[in-house]
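Here the structure comes first, spelled out in structure tokens, and everything after it is commentary.
The chain is numbered in sequence order, starting from 1.
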Amino acid sequence: MTSYNKTKYPGVRYKEVDTRQHKGKADSYFLIRYGREGQTINEGVGFKSEGIDAKYASTVRAEIVKNIRLGTGCQSLKEKRELESKRKADELARKETQKRENMPFDKLAIKYIEWAKGEKKSWKDDQSLYLNHIKSALGNVPIKDIAMIHLEKLKRNLQTKKGRYGKKLSDATIKHCLVLVRQMFNRAISWRMYQGTNPVTATARENKKFLKTSDNKRVRFLNHKEADLLLDELKSRSQQLHDICQLSLYTGMRMGEIFNLSWNDIDLEHENISIKDPKSGESRNAYITPPLSKLFQRIKDNASKANGLVFKSSNGKKIREISNVFNRVTEKLGLNKDVTDQRDKVVAHTLRHTFASWLAMQGSPIITIQKLMGHSNLEMTLRYAHLSPSHERDAVLKLARGKRNKVVNLKTKNR
């Protein structure tokens, strides 16, 4: 039977533990005793070697007895320890959260891009937007401090910033930057790197125009005469540039898709082009018509061996952008003369737009145009709907003729 020694403090005892040593003597273990709900409770407080003594044990007991009497607070040493353990855990979590939120936005961006590499096909676009347009403004700001003032300043800076070739950033690019910041904060919240409301979401809620952009969709397309003039002039200057533009005009392929095109994607026998990993995220097919069949055959015949990329730069590498020759040709032909609205200017993308417009004008179903263009949703294709031969006018004219005939018949009857 274990023997306990009394102390001068009521309800506090201790026992000697020979299996533990403290300063060359047996260690002392302190316990407290108190009543609760008609029962006598005994709880161990701790060893003398842990800094516990009779006075401390008495203080703990007095606190518990008081709480039992008042019906508040911790009413047992077990509850007190659990509460203290939770308090320490919460404090540690708070410090960890503070540490994470004090980290600069750049660390969040790096973590996000690493995550995006395995989750998003467009991760390179995200990386480029961050490095070129966002990092300088937000990179060194702690993520917990980023607020509306930082985000509105970022937007103003983007609106005045010039990108490559000295041109201002498009509204779409600016919106993509802001949306990317929002996506990074959403990830930070799920990774418990940030607590609270996403500041981009909060800013957009406060400022309704924050994420809105103007309509910068291109509306210009070429008529057949303009297209022929453009191709002829391009051919006189650069056969390869002519071929690239003709391919876009007859298939609706984006320039980036054409630059990525390899001979493995070309099936001349079945007159098919496989477009892999396009902007929409889904593969699609384009079709080789007789003019394009001759185009590919000529390129193939003139190449030492038809492998790798179909179109290459002068140093044999992948083409990154359309040649400036295109702009010089449009200027010579006067295609952009007196044009002030950017949406009306003839650019390389106009060829893709022309392809879709011609399809609509000849009566191709909108869903067919959507598939050929590789649009991710029908809304993007509906901009061409107004070009389709319309039955609406015929319906209205028929109605008018029917009403006129009815009036004439009534007059005849009254006679």
Side-chain angles (χ1 to χ4, degrees), residues 121-134 158 161-177 180 216-218 220-222 226-227 230-263 265-266 273 275-281 284 286 292 295-296 299 303 308-333 335-336 339 341-356 373-375:
K121 292 181 178 180
S122 61
W123 72 268
K124 288 186 177 179
D125 294 333
D126 290 349
Q127 184 181 54
S128 177
L129 287 175
Y130 176 69
L131 293 177
N132 294 321
H133 306 308
I134 302 172
L158 292 173
K161 184 177 181 180
K162 292 185 178 180
R164 297 174 70 181
Y165 315 115
K167 293 182 179 179
K168 284 188 175 182
L169 299 181
S170 68
D171 287 340
T173 298
I174 294 172
K175 181 176 181 178
H176 288 158
C177 287
L180 177 58
N216 62 352
K217 294 177 181 178
R218 295 193 178 278
R220 175 77 179 272
F221 64 92
L222 302 174
E226 290 173 329
L230 178 63
L231 290 177
D232 288 343
E233 186 63 29
L234 289 172
K235 187 174 183 178
S236 70
R237 301 197 183 206
S238 168
Q239 181 67 57
Q240 177 167 274
L241 182 57
H242 163 275
D243 294 344
I244 289 171
C245 291
Q246 186 179 36
L247 184 58
S248 179
L249 183 65
Y250 288 0
T251 65
M253 291 177 67
R254 302 176 178 92
M255 286 299 159
E257 293 168 346
I258 294 174
F259 299 155
N260 285 328
L261 202 61
S262 73
W263 284 107
D265 304 322
I266 308 298
I273 301 173
I275 306 172
K276 299 173 183 174
D277 193 26
K279 185 177 179 182
S280 65
R284 72 179 193 279
L292 296 183
L295 180 154
F296 284 120
I299 297 175
L309 295 170
V310 176
F311 301 104
K312 302 176 183 178
S313 64
S314 56
N315 58 7
K317 295 184 178 180
K318 177 182 171 181
I319 300 172
R320 297 293 176 183
E321 57 195 26
I322 198 75
S323 169
N324 287 330
V325 172
F326 185 91
N327 291 334
R328 291 199 290 271
V329 167
T330 57
E331 183 178 355
K332 178 184 177 182
L333 296 176
L335 295 176
N336 291 325
V339 175
D341 191 330
Q342 184 66 30
R343 295 172 297 177
D344 290 331
K345 289 191 175 181
V346 174
V347 295
H349 192 74
T350 303
L351 300 170
R352 171 175 160 83
H353 187 67
T354 298
F355 169 76
M373 292 291 282
H375 287 156

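Partners of Q240 according to the side-chain contact (heavy atoms from CB on, under 4.5 Å) rule, which considers only residues two or more places apart in sequence or in another chain, are S238, I244, F311, I319. K312 meets the side-chain contact (heavy atoms from CB on, under 4.5 Å) test with L309; sequence neighbours excluded. Under the side-chain contact (heavy atoms from CB on, under 4.5 Å) criterion, N336 pairs with R220, T330, K345, V346, sequence neighbours left out. Scanning for side chain to side chain donor-acceptor pair (under 3.5 Å) contacts around K124 gives an empty result, with sequence neighbours left out. K235 meets the side chain to side chain donor-acceptor pair (under 3.5 Å) test with no other residue; sequence neighbours excluded. Partners of V325 by side-chain contact (heavy atoms from CB on, under 4.5 Å), not counting sequence neighbours, listed by chain and number: R237, L241, S323, R328, V329. Taking D243 as the reference, Q239, R298 meet the side chain to side chain donor-acceptor pair (under 3.5 Å) condition, with sequence neighbours excluded. Judged as a side chain to side chain donor-acceptor pair (under 3.5 Å), and not counting sequence neighbours, Y250 has no contacts.
How far OG1 of T354 is from NE2 of H349: 10.0 Å, rounded to the nearest 0.5 Å. Expressed to the nearest 0.5 Å, how far CG of L129 lies from CG of L180 amounts to 6.0 Å. L295 contributes atom CG, which lies 7.5 Å from atom NE2 of H242 (distance to the nearest 0.5 angstrom). Between atom CD of residue E257 and atom CZ of residue R352 there is a gap of 6.0 Å, rounded to the nearest 0.5 Å. To the nearest 0.5 Å, atoms CE (M253) and CG (L261) are separated by 4.5 Å. Atom CG of L158 and atom CD1 of I134 lie 7.5 Å apart (nearest 0.5 Å).
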- Is there a side-chain contact (heavy atoms from CB on, under 4.5 Å) between L222 and L351 once you walk through the steps? CA-CA 8 Å; L222 302 174; L351 300 170; 4.1 Å; yes

- Task: Determine, step by step, whether L249 and L230 satisfy the side-chain contact (heavy atoms from CB on, under 4.5 Å) criterion, reporting the C-alpha distance in whole Å, the side-chain angles of both residues, the deciding distance to 0.1 Å, and the verdict.
- Result: CA-CA 11 Å; L249 183 65; L230 178 63; over 6 Å; no

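Shown here for F296 and W263, the closest heavy-atom pair between the two residues is O-CH2, 3.6 Å. Closest heavy-atom contact between F326 and A348: CE2-N, 3.5 Å. Across all their heavy atoms, R284 and G252 have their closest contact at NH2-O, 4.0 Å.
Between the side chain of R320 and the backbone N or O of F259, no donor-acceptor pair lies under 3.5 Å. Distance alone, capped at 3.5 Å, places no donor-acceptor pair between the T350 side chain and the F221 backbone. Side-chain N or O atoms of S236 include one that pairs as donor or acceptor with a backbone N or O of E233 at under 3.5 Å.
Heavy-atom contacts from other residues, nucleotides or ligands closer than 6.0 Å to NZ of K332 number 12 or fewer.
S128 pairs in a side chain to side chain donor-acceptor pair (under 3.5 Å) with only one of the listed residues (N132, D125, D126), which is N132.
In the model, D265 has a side-chain atom that pairs as donor or acceptor with a side-chain atom of S262 under 3.5 Å.
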